[in-house]
Amino acid sequence: MVVGGGPGGSATAVRLARRGHAVTVLDRARFPRDKACSEYGSPSTVRELARLGVLPAVEAHGATALTGTRVVAAAGSALLGRFANAGGRPWRPTGLALPRRELDAALLSRARAEGATVLEGARCVGVERQGGTMRVTYEDAGRRREICARLVVGADGLRSRVARSVTGVRRGRLARLAFVAHVEGVRGLDTDAEMHVGAGAYVGLNPLGGGVTNVALVVRHDEATSAAGDPARFVAERLAGFPGLADRVDPSRLVREWLVTGPFDAAARRSTADGALLVGDAADFFDPFTGEGIWSALIGARMAARTLDGALAQEGPVTEAMLAPYRAARRRRFLGKWMVERMIGYAMLHPRLFDRCVGRLQRRGMADTLIGVTGDFVPAWRVLNPAFLGRMVA
Ligand SMILES: Cc1cc2nc3c(=O)[nH]c(=O)nc-3n(C[C@H](O)[C@H](O)[C@H](O)COP(=O)(O)OP(=O)(O)OC[C@H]3O[C@@H](n4cnc5c(N)ncnc54)[C@H](O)[C@@H]3O)c2cc1C
């Protein structure tokens, strides 16, 4: 049983169904649906989508092939990192803009095509372990129903009901809120995504194709209380404070309204429990700045399916001990990336330090390496070493 049909849940269902397991996915939404996201996919995300068999469907919508990322700091320093120059071996030298409406629908359709049963409009309201069985309660058109399963995969995102029920959640110190819209007519954007960092906030621009840009403003949670009731006004005022954006983005030219999400920076206390396992944002959240959330959900799904295949082959209840290989695989794969992501997150809290690092990275030819690490095809140790870090700040 998989709760949540976003990238993490659908990819887990695809992989389990391919291994011959009976899978049911339930999601409170009906697809296609929008999702507040910057919609930036790294080259490794694109590879994972190809493995899952959805890349042709996603590319059919004409999304932009992304060549890299430009970062602009508050005091004006800027860097441009290009996937093609990052070293390592990207599957392709380009990433892809990934409109979530199409991406998530394509992944869920793939799960269905592989044999999973999909229940849309079904909101999970509780998960309980009874004896050796997991009982999932959900609401569907106002009616309360139950499903019992040997195992529950919690893939229900940021405020995971499953994580709260089975492991508990701890909050981080960087609670943020995001406002995301599709805007037309943004000037001066080509095939590189852009991140503009200001005091306590940042803005991402991602060219989606067809003259439409994904614009995402991320602010401190406490600061966003003044947005209540009128997010469009709040966003327009904040965007005007970014020198690199004021005359390029007209926030009134909306193609899709502002979606608001957060607060984020929360993680499950553990990624496994007796009879349950968490993938994607339900397990841990990558700050949107590095654009790694979809990749980590898809890779997490792959690791989860491998562990679950072994656990489900055994008779009797699935215990947390049987899921230990998943926890170990997550640590091996994600630890370095978590450290890079936290390092960037904390550096952004100190604008002068951030500005200096951005300037050094560009002048010393290190920006491509960093983009390769956040693009998921250059190992994190290429950044997490004394020589690189020293050259970045000294
Ligand atoms: C502002 C912002 C920008 C981002 N930009 C990027 C980016 O550019 N690139 C990138 O890779 N990542 C980005 N991310 C992160 C990315 O969106 C997530 O990491 C990714 O969506 C995680 O996938 P998931 O399947 O774990 O969760 P989700 O995509 O959140 O899917 C969870 C699903 O569970 C369903 N659900 C939730 N609760 C219940 C319930 N109780 N019952 C039933 N169903 C439920 C939801 O309807 C949803 O379909 C961004 C995140 C934010 C907030």
Side-chain angles (χ1 to χ4, degrees), residues 1-13 24-42 44-46 48-49 66 69 95-101 103-105 107-108 111 118-127 136-140 152-165 176-181 193 195 202-206 208 214-219 258-266 268 278-301 304 341 374-376:
M1 163 102 256
V2 178
V3 178
S10 292
T12 306
T24 299
V25 182
L26 63 86
D27 200 295
R28 66 184 176 196
R30 293 194 182 276
F31 289 71
R33 56 106 179 86
D34 287 308
K35 158 88 175 83
C37 176
S38 294
E39 306 179 310
Y40 167 98
S42 68
S44 297
T45 309
V46 180
E48 211 48 34
L49 295 176
L66 302 170
T69 301
L96 195 64
L98 296 172
R100 295 292 298 270
R101 198 173 171 78
L103 171 70
D104 291 23
L107 281 164
L108 196 60
V118 178
L119 304 179
E120 299 182 42
R123 174 191 296 272
C124 169
V125 291
V127 179
V136 176
T137 311
Y138 67 98
E139 285 173 359
D140 180 353
V152 173
V153 174
D156 48 342
L158 213 52
R159 279 172 297 281
S160 167
R161 173 77 257 173
V162 181
R164 279 182 281 142
S165 298
R176 291 177 170 151
L177 210 71
F179 301 77
V180 188
M195 299 302 292
Y202 61 83
V203 176
L205 303 181
N206 188 20
L208 299 179
N214 178 302
V215 179
L217 167 71
V218 178
V219 297
W258 293 101
L259 302 177
V260 184
T261 186
F264 40 85
D265 195 13
L278 306 172
V279 295
D281 284 3
D284 189 15
F285 185 72
F286 276 82
D287 191 282
F289 190 85
T290 57
E292 296 177 280
I294 301 170
W295 173 82
S296 62
L298 299 178
I299 295 291
E341 185 245 6
T374 59
D376 313 311

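Note that these values count all heavy atoms, side chains included, but never hydrogens, waters or copies made by symmetry. Order of appearance sets the numbers: ligands from 1, and atoms from 1 within every ligand.
Using a cut-off of 4.0 Å between Lys/Arg side-chain N and Asp/Glu carboxylate O, D27 and R33 are scored as not salt-bridged.
If you number the atoms of ligand 1 from 1 as listed, the ones under 4.0 Å from a heavy atom of G280 come out as 26 (O). Those atoms of ligand 1 with a heavy atom of R33 less than 4.0 angstrom away are 48 (C), 49 (O). Taking a cut-off of under 4.0 Å to the non-hydrogen atoms of Y40, the atoms of ligand 1 that pass are 7 (C), 8 (O), 9 (N), 10 (C), 11 (O). If you number the atoms of ligand 1 from 1 as listed, the ones under 4.0 Å from a heavy atom of G291 come out as 7 (C), 9 (N), 10 (C), 11 (O). Within ligand 1, counting atoms from 1 as listed, the ones closer than 4.0 Å to a heavy atom of S38 are 3 (C), 4 (C), 5 (N), 6 (C), 8 (O).
At a 3.5 angstrom cut-off on N or O pairs, D104 does not count as close to ligand 1. Taking distance alone, with nitrogen or oxygen atoms compared against 3.5 Å, G293 approaches ligand 1 more closely than that limit. Annotation: F286 places no N or O atom under 3.5 Å from an N or O atom of ligand 1; distance criterion only. Residue G8 places at least one N or O, backbone or side chain, under 3.5 Å from an N or O of ligand 1. Between R123 and ligand 1, a contact under 3.5 Å exists for no N or O pair. Looking at ligand 1, you won't find any N or O of A178 less than 3.5 Å from one of its N or O atoms. Between R161 and ligand 1, a contact under 3.5 Å exists for no N or O pair. Below 3.5 Å of separation, one finds no N or O of W295 facing any N or O of ligand 1. Residue I294 has at least one N or O atom closer than 3.5 Å to an N or O atom of ligand 1.
By heavy-atom distance, the residue among P288, G204, G95, A297 lying nearest atom 51 (C) of ligand 1 is P288. Of all the listed residues (R164, R28, R176, E139), R28 holds the heavy atom that lies closest to atom 36 (N) of ligand 1. Of the listed residues (L103, V218, T290, D281), the one carrying the non-hydrogen atom nearest atom 19 (O) of ligand 1 is D281.
For atom 14 (N) of ligand 1, the closest non-hydrogen atom on the protein side is C37 SG, 3.9 Å. Residue, atom and distance of the protein heavy atom nearest to atom 47 (O) of ligand 1 are D27 OD1, 2.7 Å. Summary of contacts: the protein heavy atom closest to atom 31 (O) of ligand 1 is G6 CA, 3.5 Å. Residue, atom and distance of the protein heavy atom nearest to atom 16 (C) of ligand 1 are R100 NH1, 3.9 Å. The protein heavy-atom contact nearest to atom 37 (C) of ligand 1 is D156 O, 3.2 Å. Looking only at protein heavy atoms, the nearest one to atom 41 (N) of ligand 1 is C124 O, 3.1 Å. Scanning the protein for heavy atoms near atom 32 (C) of ligand 1, the closest one is A155 O, 3.4 Å. The closest protein non-hydrogen atom to atom 28 (P) of ligand 1 is K35 CE, 3.9 Å.
Across all non-hydrogen atoms, the minimal contact from L217 to V203 is CD1-CG2, 3.7 Å. A pairwise comparison of heavy atoms in T12 and G8 identifies OG1-O, 2.6 Å as the closest pair. When all heavy atoms of F289 and M195 are compared, the pair lying nearest together is CD1-CE, 3.4 Å. Nearest heavy-atom pair across L278 and A268 is CD1-CB, 3.3 Å. Across every non-hydrogen atom of V136 and C124, the tightest pair is CG1-SG, 4.0 Å. Taking both residues in full, the closest heavy atoms of A111 and A13 are given as CB-CB, 4.0 Å, listed atom of the first, atom of the second, then distance.
Counting heavy atoms closer than 4.0 Å to ligand 1, residue S296 contributes nothing at all. Here A36 has backbone heavy atoms under 4.0 Å from ligand 1, and that is the only part of it that gets that close.
Heavy atoms of other residues, nucleotides or ligands lying less than 6.0 angstrom from CZ of R123 number 12 at most.
Using a 4.0 Å heavy-atom cutoff, A122 is listed among the residues neighbouring ligand 1. Residue contacts with ligand 1 include T261, since one or more of its heavy atoms lies under 4.0 Å from the ligand. Using a 4.0 angstrom heavy-atom cutoff, R159 does not count as in contact with ligand 1. Residue contacts with ligand 1: P7 is included, with a non-hydrogen atom under 4.0 Å away.
Formation of a donor-acceptor pair under 3.5 Å by the S160 side chain with backbone atoms of G157 is not found in this model. Between the E292 side chain and the D376 main chain, no donor and acceptor come within less than 3.5 Å of each other. In this structure, R164 contributes its side chain and R159 its backbone to a donor-acceptor pair below 3.5 Å. In this structure a side-chain-to-backbone donor-acceptor pair under 3.5 Å is present from S10 to G5. Y40 places no side-chain N or O within 3.5 Å of a backbone atom of A193 that could act as its donor or acceptor partner. Remark: side-chain polar atoms of N214 are not paired, donor with acceptor, to backbone N or O of N206 under 3.5 angstrom.
Shown here are the side chain to side chain donor-acceptor pair (under 3.5 Å) partners of R100, two or more places apart in sequence or in another chain: D104. By the side-chain contact (heavy atoms from CB on, under 4.5 Å) test, A36 is found to be paired with V180, L259, T261, residues two or more places apart in sequence or in another chain being considered.
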message: Quick one, L208 with E39, criterion side chain to side chain contact (heavy atoms under 4.5 Å, CB included). Give me CA distance, side-chain angles, the key distance, then yes/no.
response: CA-CA 8 Å; L208 299 179; E39 306 179 310; 3.6 Å; yes
query: Can you check side chain to side chain contact (heavy atoms under 4.5 Å, CB included) on D140 and L119, steps first, answer last?
result: CA-CA 9 Å; D140 180 353; L119 304 179; 5.9 Å; no
